[in-house]
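Comments concern the structure below.
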Amino acid sequence: MNKQAYDTGYTSDPQLVHLLHNNLHSELETNITNINRFFEHCSDLQTYRFKTGHDDHVVIMYFDGLADKELMDTQLIRPLKGIHTPAHHLEALEELTSAPYIRTSTYIQTIDALTSGKPVMFMDNLSEGRAFQLVQFEKRAIEEPQAESVVRGPREGFTEVLSVNLSLLRRRLRTPALKIVSVDVGVYSKVTVTIAYIEGIVKPGIVELIQKRLQSEVLDGVVESGMIEELIEDTNYSPFPQLQTTERPDVAVASMLEGRVVVLTENTPIALIAPTTMVSLMQSPEDYYQRFMTGTFIRWLRYLFFFIALLAPSSYVAILTFHQEMLPTTLLLRIAQSREEIPFPALLEALIMEVTFEALREAGIRLPKQVGSAVSIVGALVIGQAAIQAGLVSAPMVMVVAITGISSFMLPQYSASFALRILRFPIMILSGMFGLFGMMLCLLAIITHLCGLQSFGVPYMAPLGPLRLQELKDVLIRAPFNKMKKRPSYYSNSNRKRRSN
């Protein structure tokens with residue numbers, strides 16, 4: 001097998017390798033035969049033959065389900081059947097059809113056009129093809145994002161169609177400064193990945209860095225933006241996401257106005273935003289749609305429950321195992337009474353409950369909606385009164401795990417909550433082994449890791465580390481908009497003023 005042909009994703013036949021970059025033949029049948037050789041055993045490739053009014057032979061090749069057959073008929077086939085001049089006088093084609101097209105002169109260009117859904121027309125005595133922009137395939141309507149719902153705010157979300165997603169951005173940013181750079185990724189999938197940014201605001205070098213990382217790795221195919229995320233992030237060996245994800249065009253636009261870059265991948269509604277900081281993962285779009293005092297209150301509530309989600313089970317295990325003196329006597333006696341019949345130590349009890357909770361959560365997500373209620377009922381029995389009565393877990397532990405679970409749902413970024421779910425276990429184990437000392441040791445290791453982490457050259461803990469006091473007005477509080485006159489310096493250092501006055 002020819003390695004070059006295999007790597008390009010076009011053919012595994014060594015005899016066809018050299019044909020790929022050859023020019024199209026002037027004989028119509030030779031072109032059709034050669035193209036059919038590339039698409040052998042592809043029953044969805046259609047070939048439509050007809051004659052023009054001048055008796056010239058014309059062939060249109062297209063993939064069933066990708067090309068718009070109705071438009072092909074009205075804008076291409078019927079007008080051509082009606083002409084009585086030589087068809088190779090293609091200057092007349094512009095007068096016949098309003099459908100935009102591109103010329104293909106080589107086999108590889110023709111194959112690319114066909115696989116992207118464009119019907120390609122061939123004529124006798126013409127060594128080029130015409131690929132028409134008559135593409136139509138089934139697509140989902142614009143709907144409200146399921147994972148980022150808000151009470152107040154736009155109801156539009158990205159879809160799987162890249163052109164629709166770009167139009168949603170263009171509709172909100174009516175400026176030529178909005179730039180779109182495209183890169184094809186995947187040897188076989190050839191998925192278009194676009195990088196959207198505002199020229200003059202974005203930090204120099206970030207767009208080029210993303211392009212370089214996209215082009216440096218070779219993948220067979222890209223089916224979701226998560227693969228692109230792993231391809232371009234700074235390090236794969238961190239539980240914390242180094243790119244923010246969103247399904248909301250308003251969040252993408254707000255990020256670009258700060259100087260960040262939005263990466264959109266074809267066939268997925270999830271956009272990536274870079275660079276990303278820990279602070280940005282804790283912010284919700286609704287923080288900016290509510291009054292600033294409401295936004296600040298909710299933000300602080302989120303910070304509080306972030307630590308509860310990370311440390312609540314560990315603190316319970318550490319205090320109950322090593323530091324009972326920290327609890328009021330009455331509370332300690334009640335907890336001891338509830339644990340009288342529990343055969344497991346607090347650490348094992350916590351691990352059983354957390355693993356069970358994670359299993360129920362995963363089952364609830366993966367199962368069809370019709371049986372989702374059954375999982376809820378079983379979950380309520382497992383993490384509830386039945387488990388307590390069976391003597392497997394104590395009532396206080398059920399409360400701790402339930403509060404932890406609810407707290408983790410408060411994080412606006414789903415990918416960030418994954419980091420908490422993973423880190424909760426080592427903290428819990430160290431707390432069970434060494435008490436609060438072990439918990440603090442693990443916490444220090446996490447903070448050290450976060451302080452050393454970067455996202456496209458931006459410190460992950462910015463603006464808390466290194467400390468930038470002026471930029472804390474959008475971190476600890478959500479200041480009124482008339483007080484936030486400058487963009488964060490770690491995102492944009494060339495054009496920091498948000499407005500002219």
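Everything numeric in this text was worked out from a predicted model, so none of it was measured. Hydrogens, waters and symmetry mates are skipped; everything else that's a heavy atom, side chains included, is used.
Using a 4.5 Å heavy-atom cutoff, the side chains of V193 and S182 are not in contact. By the 4.5 Å heavy-atom criterion applied to side chains, I406 and I308 are not counted as neighbours. Between T194 and V181 the shortest side-chain heavy-atom distance does not fall below 4.5 Å. Counting heavy atoms from C-beta on, the side chains of P100 and F132 never come closer than 4.5 Å. Between L168 and V253 the shortest side-chain heavy-atom distance does not fall below 4.5 Å. Looking at heavy atoms from C-beta onward, Q46 lies out of side-chain contact with M61 at the 4.5 angstrom threshold. Inter-residue side-chain proximity for V183 and Q215 is flagged as met; some heavy-atom pair is nearer than 4.5 Å. Between E286 and I298 there is no side-chain heavy-atom pair separated by less than 4.5 Å.
Between the side chain of R155 and the main chain of V150, a donor-acceptor pair closer than 3.5 Å is present. Although no hydrogens or angles enter the test, the distance criterion places no donor-acceptor pair under 3.5 Å between the side chain of R487 and the main chain of I201. Judged by distance alone, the side chain of Q244 and the main-chain N or O of L281 form no donor-acceptor pair under 3.5 Å. At least one donor-acceptor pair under 3.5 Å links the side chain of K473 to the backbone N or O of K483. Q109 places a side-chain N or O within donor-acceptor distance of the main-chain N or O of S105, the cut-off being under 3.5 Å.
Less than 6.0 angstrom separates the ring centroid of Y414 from the ring centroid of F418.
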side-chain contact (heavy atoms from CB on, under 4.5 Å) between Y289 and D250, worked out: CA-CA 11 Å; Y289 303 153; D250 54 323; 2.3 Å; yes
query: Does the pair V401 and T356 meet the rule for a side-chain contact (heavy atoms from CB on, under 4.5 Å), with working shown?
result: CA-CA 10 Å; V401 171; T356 310; over 6 Å; no
- request: Give the intermediate values and the outcome of side-chain contact (heavy atoms from CB on, under 4.5 Å) for residues I270 and E224.
  value: CA-CA 8 Å; I270 309 293; E224 214 280 331; 3.5 Å; yes
message: The test is side-chain hydrogen bond (donor to acceptor under 3.5 Å, both in side chains); show your working for Y62 and D44 and say whether it passes.
response: CA-CA 8 Å; Y62 63 95; D44 53 341; over 6 Å; no
message: Show, in sequence, the C-alpha distance, side-chain angles and deciding distance for I429 and V317, and conclude whether the side-chain contact (heavy atoms from CB on, under 4.5 Å) test is met.
response: CA-CA 9 Å; I429 292 168; V317 169; over 6 Å; no
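The salt bridge (charged side-chain N to carboxylate O under 4.0 Å, His left out) test applied to E156 returns R171, R172, not counting sequence neighbours. Looking at residues two or more places apart in sequence or on another chain, you find a side-chain hydrogen bond (donor to acceptor under 3.5 Å, both in side chains) between Y288 and Q283, R299, D474. Partners of D234 by side-chain hydrogen bond (donor to acceptor under 3.5 Å, both in side chains), not counting sequence neighbours, listed by chain and number: R213. Qualifying salt bridge (charged side-chain N to carboxylate O under 4.0 Å, His left out) partners for K69, counting only residues two or more places apart in sequence or in other chains: D64. Residues satisfying the salt bridge (charged side-chain N to carboxylate O under 4.0 Å, His left out) test with E233, not counting sequence neighbours, are none. With sequence neighbours left out, R468 forms a salt bridge (charged side-chain N to carboxylate O under 4.0 Å, His left out) with no residue at all. For Y491, the side-chain hydrogen bond (donor to acceptor under 3.5 Å, both in side chains) criterion is met by T277, not counting sequence neighbours. In this view, E160 and R140 satisfy the side-chain hydrogen bond (donor to acceptor under 3.5 Å, both in side chains) rule, not counting sequence neighbours.
Counted by atom type alone, T192 and D184 present one or more donor-acceptor pairs between their side chains at under 3.5 Å. E258 and S492 are not linked by any side-chain donor-acceptor pair at a separation below 3.5 angstrom, with hydrogens and angles left out of the test.
Among residues at least two apart or in separate chains, salt bridge (charged side-chain N to carboxylate O under 4.0 Å, His left out) pairs with a member in residues 193-208 are K179-E199. Pairs of residues two or more places apart, or lying in two chains, never qualify as salt bridge (charged side-chain N to carboxylate O under 4.0 Å, His left out) while including a residue from residues 305-315. Residue pairs meeting the salt bridge (charged side-chain N to carboxylate O under 4.0 Å, His left out) criterion with at least one member in residues 405-427, sequence neighbours excluded: E354-R424, E358-R421, E358-R424, E362-R421.
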Let me have the donor-acceptor pairs involving side chains of residues 453-462, under 3.5 Å, with sequence neighbours excluded, atom names and distances please.
{"residue": "S455", "atom": "OG", "partner": "Q242", "partner atom": "O", "Å": "2.8"}
{"residue": "S455", "atom": "OG", "partner": "T276", "partner atom": "N", "Å": "3.0"}
{"residue": "Y460", "atom": "OH", "partner": "P241", "partner atom": "O", "Å": "2.5"}

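Salt bridge annotation for R302-D287: present, with a cationic side-chain nitrogen under 4.0 angstrom from a carboxylate oxygen. Comment: R130 engages E128 in a salt bridge, judged by a side-chain N to carboxylate O separation of less than 4.0 angstrom.
Atom-to-atom distance recorded for L311:CG and T404:OG1 is 9.5 Å, nearest 0.5 angstrom. The CG atom of L347 lies 9.5 Å from the CD1 atom of I352; values are rounded to the nearest 0.5 Å. S225 contributes atom OG, which lies 9.5 Å from atom CG of L243 (distance to the nearest 0.5 angstrom). The distance from atom OG1 of T106 to atom CG of N23, rounded to the nearest 0.5 Å, is 7.0 Å. Taken from CZ in F240 to CG in L423, the straight-line distance is 5.0 Å, to the nearest 0.5 Å. Rounded to the nearest 0.5 angstrom, T268 OG1 and E247 CD are separated by 8.0 Å.
Taking all atoms of both residues into account, the shortest heavy-atom contact from S189 to V222 is OG-N, 3.0 Å. The shortest non-hydrogen separation linking A271 to L264 is CB-CD2, 3.5 Å. E144 and S149 make their closest contact through OE2-CB, 4.0 Å (heavy atoms, listed as atom of the first residue, atom of the second, distance). Closest approach of M256 to V262, counting heavy atoms only: CG-CG2, 3.7 Å.
Between F63 and F39, the two ring planes are perpendicular [angle over 60°; tilted spans 30° to 60°].
Within 6.0 Å of CZ in F437 there are 12 or fewer heavy atoms belonging to other residues, nucleotides or ligands.
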